[in-house]
Amino acid sequence: MTDLQECRREIDEIDNEILRLFEKRMQVCEEVASYKIKTGKKVLDPQREKEKINVLKAKAHGEFNALGAQELFQQLMAISRKRQYQLLTDHGVEEEQDYELVDKLPLKNACVVFQGVEGAYSYAAMRAYFGEEIKSYHVDTWREAMEDVVAAKADYAVLPIENSTAGIVADIYDLLTQYSLYIVGEQTIRVEHVLLGLPGASLEQIRTVCSHPQGLAQCKVFLEQHPGWKTLQVKNTAGAAKKVKEEQDLSQAAIASREAGKLFGLVPLAEHICHNGQNVTRFIIVSKKPVYKKDAGKLSVCFELPHESGSLYHLLSHIIYNGLNMTKIESRPIPGKTWEYRFFVDFEGNLKDSAVKNALRGLAAEANRMRVLGNYELQGEEKND
C-alpha cells in the first residue's frame with residue numbers, strides 16, 4: 001500500500017516548485033507589461049492565448065489532463081493580465097473616461113420627470129431624494145421620461161428598478177442600454193399598499209381590484225383570499241386610485257399607497273395587504289450628464305460576453321480579484337441574439353479608486369461591450385405612508 005505521508009510529502013515538494021515557477025512567470029509578466037506600457041500594445045491578445053492553450057493541451061497526456069491543462073493555463077494567463085492591468089494603472093496609463101468628478105449634484109431648482117401621477121411611489125421617491133425646491137411633472141411611460149432627459153426637457157428622471165418582493169423592473173434595465181443616460185443617485189421607498197375604495201364602499205361590495213402588475217403581485221396572498229374578485233392591470237398604483245375616483249363605481253377598488261388615497265379622496269378598505277412586511281422599491285435617478293461625487297460608493301455597469309465557456313466567470317473575476325464587493329448581478333437577453341445575454345452588475349467603489357480602475361480596465365478589454373452606467377451614493381430608505 002502506498003504510504004499516504006510519503007505522497008503528501010511529494011505533493012508538497014511539487015507545489016513548492018509550482019509556486020517558484022509561478023512567481024518566475026509573474027516576473028516575466030511584469031517585463032511584458034513594461035514593454036506594453038512603452039509601446040501602447042494591448043494587454044489581451046486572444047488569438048495568441050488560444051493558440052498557446054491548444055499547444056499545451058496537445059502536450060498533456062489523456063483527455064482529463066488536457067482539460068485540466070486548459071483550465072490551469074487559462075487561469076495563469078488571466079492572473080497575468082490582471083497584474084498587467086494593475087501596472088498600467090500604477091504607471092498612470094489611464095483609460096478614457098466620460099465621467100466628471102463633482103462635489104455635489106445640482107439638485108436645487110432642478111426639473112424632474114417621473115412616470116405616473118402625483119401620489120405614485122415614483123412621486124414619493126422623487127420628493128424623498130430632491131425635496132421640495134424643484135420643478136416636476138409626470139409622463140405616461142418610462143421611455144417618455146428618459147427621452148425628456150435626453151432632449152434636455154428635464155434635468156433628471158426618477159425610475160423604479162427593483163422591488164424586494166416582485167424583483168427587477170426588466171424594462172428599465174433594457175431602456176438603460178438604449179439611451180445615453182447615467183445613474184447619479186438612488187432612493188429606496190418602503191411600499192405599504194392599502195386597498196382603497198370610494199367613501200361608503202365595503203369589502204363585500206368589491207368585485208374588481210386594479211393596480212400596477214407589481215402591486216397585484218405583491219398583494220397576491222391577500223387577493224387569493226377573495227377568489228371572486230377580478231384583477232385589472234393599469235400603468236401605476238396612483239393611476240389605479242385615480243381610476244376608482246373618476247369612475248365612481250362602488251364595486252371597484254385600487255391597490256395603492258395611503259397617500260394616493262388621500263390625494264384622490266378614497267378610503268382604506270383593508271390595510272397591511274402586502275404579504276412581505278419589508279416590501280421596498282429601489283428607484284434610480286438618471287441624468288444626461290456623466291458625473292459622480294467624490295464620496296460615491298456604488299458602481300453599476302453592464303456588459304456583453306463572448307459566447308464561450310467560462311466567459312462570465314472570467315469577467316467577474318476582475319471585480320473579485322481587485323477586492324471589490326459585488327452586490328448585485330442581473331441578466332437580460334440581447335435582442336436578435338438567441339441565447340446571448342447582457343449582464344448588469346453592481347459593486348462597491350469609486351471611479352477614482354485604483355482597484356476600480358483595474359477592474360473596469362479588465363472588463364472593458366475582455367467583454368464584447370462594456371459601459372459604466374453610473375457611480376453614485378446609496379440614499380437612505382424613506383418610508384411612504
Side-chain angles (χ1 to χ4, degrees), residues 112-132 134 136-146 148-149 154 156-173 175-176 183 185-197 209-220 222-223 231-245 253-266 268-286 378-385:
V112 185
V113 60
F114 64 97
Q115 182 272 336
V117 296
E118 283 73 10
Y121 288 109
S122 293
Y123 178 82
M126 178 187 69
R127 288 301 180 195
Y129 188 86
F130 290 94
E132 299 294 328
I134 59 168
S136 67
Y137 67 98
H138 59 82
V139 292
D140 289 336
T141 67
W142 297 317
R143 184 179 292 274
E144 287 178 88
M146 286 190 161
D148 278 9
V149 176
Y156 304 96
V158 179
L159 305 165
I161 196 166
E162 177 186 15
N163 177 265
S164 59
T165 300
I168 67 168
V169 184
D171 288 349
I172 298 298
Y173 279 93
L175 288 168
L176 283 171
I183 304 173
E186 70 176 5
Q187 179 68 52
T188 55
I189 292 289
R190 192 178 306 168
V191 176
E192 296 185 357
H193 292 314
V194 295
L195 186 71
L196 300 170
V209 176
C210 56
S211 189
H212 183 273
Q214 284 199 349
L216 296 172
Q218 292 156 13
C219 301
K220 182 180 178 182
F222 170 75
L223 293 172
T231 58
L232 181 65
Q233 296 184 1
V234 296
K235 290 182 179 179
N236 55 72
T237 54
K242 183 179 181 182
K243 181 177 185 297
V244 172
K245 172 67 174 179
I255 291 176
S257 68
R258 192 184 305 275
E259 187 64 31
K262 293 177 183 177
L263 185 65
F264 294 106
L266 305 179
L269 302 180
E271 302 180 11
H272 311 297
I273 62 175
C274 182
H275 58 266
N276 182 354
Q278 298 298 318
N279 187 14
V280 173
T281 295
R282 182 166 67 97
F283 293 83
I284 54 173
I285 316 300
V286 299
L378 174 67
Q379 295 294 307
E381 181 180 308
E382 181 75 16
K383 181 178 178 181
N384 180 60
D385 53 20

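These numbers were taken from a predicted model, which means no experiment stands behind them.
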Asks: Run the side-chain contact (heavy atoms from CB on, under 4.5 Å) check on R258 and H193 step by step: do they pass?
Replies: CA-CA 7 Å; R258 192 184 305 275; H193 292 314; over 6 Å; no
Asks: Please check: side-chain N/O of H212 versus main-chain N/O of V234, any donor-acceptor pairing under 3.5 Å?
Replies: no
Asks: Quick check: closest heavy atoms across L196 and A256, and the distance to 0.1 Å?
Replies: CD1-CB, 3.9 Å
Asks: Can you list every pair that meets salt bridge (charged side-chain N to carboxylate O under 4.0 Å, His left out) and has a residue in residues 122-131, with sequence neighbours left out?
Replies: R127-E132
Asks: Working note: N279 + R190, criterion side-chain contact (heavy atoms from CB on, under 4.5 Å); need CA distance, chi angles, decisive distance, verdict.
Replies: CA-CA 6 Å; N279 187 14; R190 192 178 306 168; 6.0 Å; no
Asks: Rounded to the nearest 0.5 Å, how far apart are CD1 of I255 and OG1 of T237?
Replies: 10.0 Å
Asks: Assess the side chains of N163 and Q218: does a donor N or O sit below 3.5 Å from an acceptor N or O?
Replies: yes
Asks: Are Y121 and N236 linked by a side-chain donor-acceptor pair shorter than 3.5 Å?
Replies: no
Asks: With heavy-atom distances below 4.5 Å as the criterion, would you say the side chains of I285 and E186 are in contact?
Replies: no
Asks: Decide yes or no on side-chain contact (heavy atoms from CB on, under 4.5 Å) for V169 and Q214, but give the supporting numbers first.
Replies: CA-CA 9 Å; V169 184; Q214 284 199 349; 3.7 Å; yes
Asks: With a 4.5 Å cut-off on side-chain heavy atoms, are L223 and T231 touching?
Replies: yes
Asks: Which value, rounded to the nearest 0.5 Å, describes the distance between D148 atom CG and Q115 atom CD?
Replies: 12.5 Å
Asks: Nearest 0.5 Å, what's the CZ-NE2 distance between F114 and H138?
Replies: 6.0 Å
Asks: Please examine the side chains of I284 and R282, heavy atoms only from C-beta on, and report whether any two atoms are closer than 4.5 Å.
Replies: yes
Asks: Is the F130 to Y156 ring centre distance short of 6.0 Å?
Replies: yes
Asks: Check side-chain contact (heavy atoms from CB on, under 4.5 Å) between A217 and all other residues, then give those that pass, not counting sequence neighbours.
Replies: none
Asks: With a 4.5 Å heavy-atom cut-off, do L269 and V194 have their side chains touching?
Replies: no
Asks: Starting at CZ of F222, measure out to NE2 of H275 and round the result to the nearest 0.5 Å.
Replies: 13.5 Å
Asks: What's the separation between atom CZ in R143 and atom CG in L175, rounded to the nearest 0.5 Å?
Replies: 5.0 Å
Asks: What heavy-atom pair brings S211 and G215 nearest, and what distance separates the two atoms?
Replies: OG-CA, 3.8 Å
Asks: If you round to the nearest 0.5 Å, how far is CD of E192 from SG of C274?
Replies: 9.5 Å
Asks: So, S164 side chain and V280 main chain: donor-acceptor pair closer than 3.5 Å or not?
Replies: yes
Asks: Indicate yes or no: at least one non-hydrogen side-chain atom of F283 is less than 4.5 angstrom from one of T188.
Replies: no
Asks: Between L216 and L232, which heavy-atom pair has the shortest distance, and what is it?
Replies: CD1-O, 4.0 Å
Asks: Testing the basics here: between V158 and A125, what is the closest heavy-atom pair and its distance to 0.1 Å?
Replies: CG1-CB, 4.1 Å
Asks: Does M126 reach the side chain of V113, with side-chain heavy atoms less than 4.5 Å apart?
Replies: no
Asks: Extract all donor-acceptor atom pairs below 3.5 Å that involve side chains of residues 238-245 and protein atoms in other chains or at least two apart in sequence.
Replies:
unit_1 : atom_1 : unit_2 : atom_2 : d
K243   : NZ     : E247   : OE1    : 3.1
K243   : NZ     : E247   : OE2    : 3.3
K243   : NZ     : Q252   : OE1    : 2.6

Asks: How close do Y129 and G185 get, counting heavy atoms only, and between which atoms?
Replies: OH-CA, 3.7 Å
Asks: Quick one: do K235 and D140 satisfy side-chain contact (heavy atoms from CB on, under 4.5 Å)? Show the steps, please.
Replies: CA-CA 8 Å; K235 290 182 179 179; D140 289 336; 3.8 Å; yes
Asks: Which heavy-atom pair separates A128 from I189 by the least distance, and what is that distance?
Replies: CB-CD1, 4.2 Å
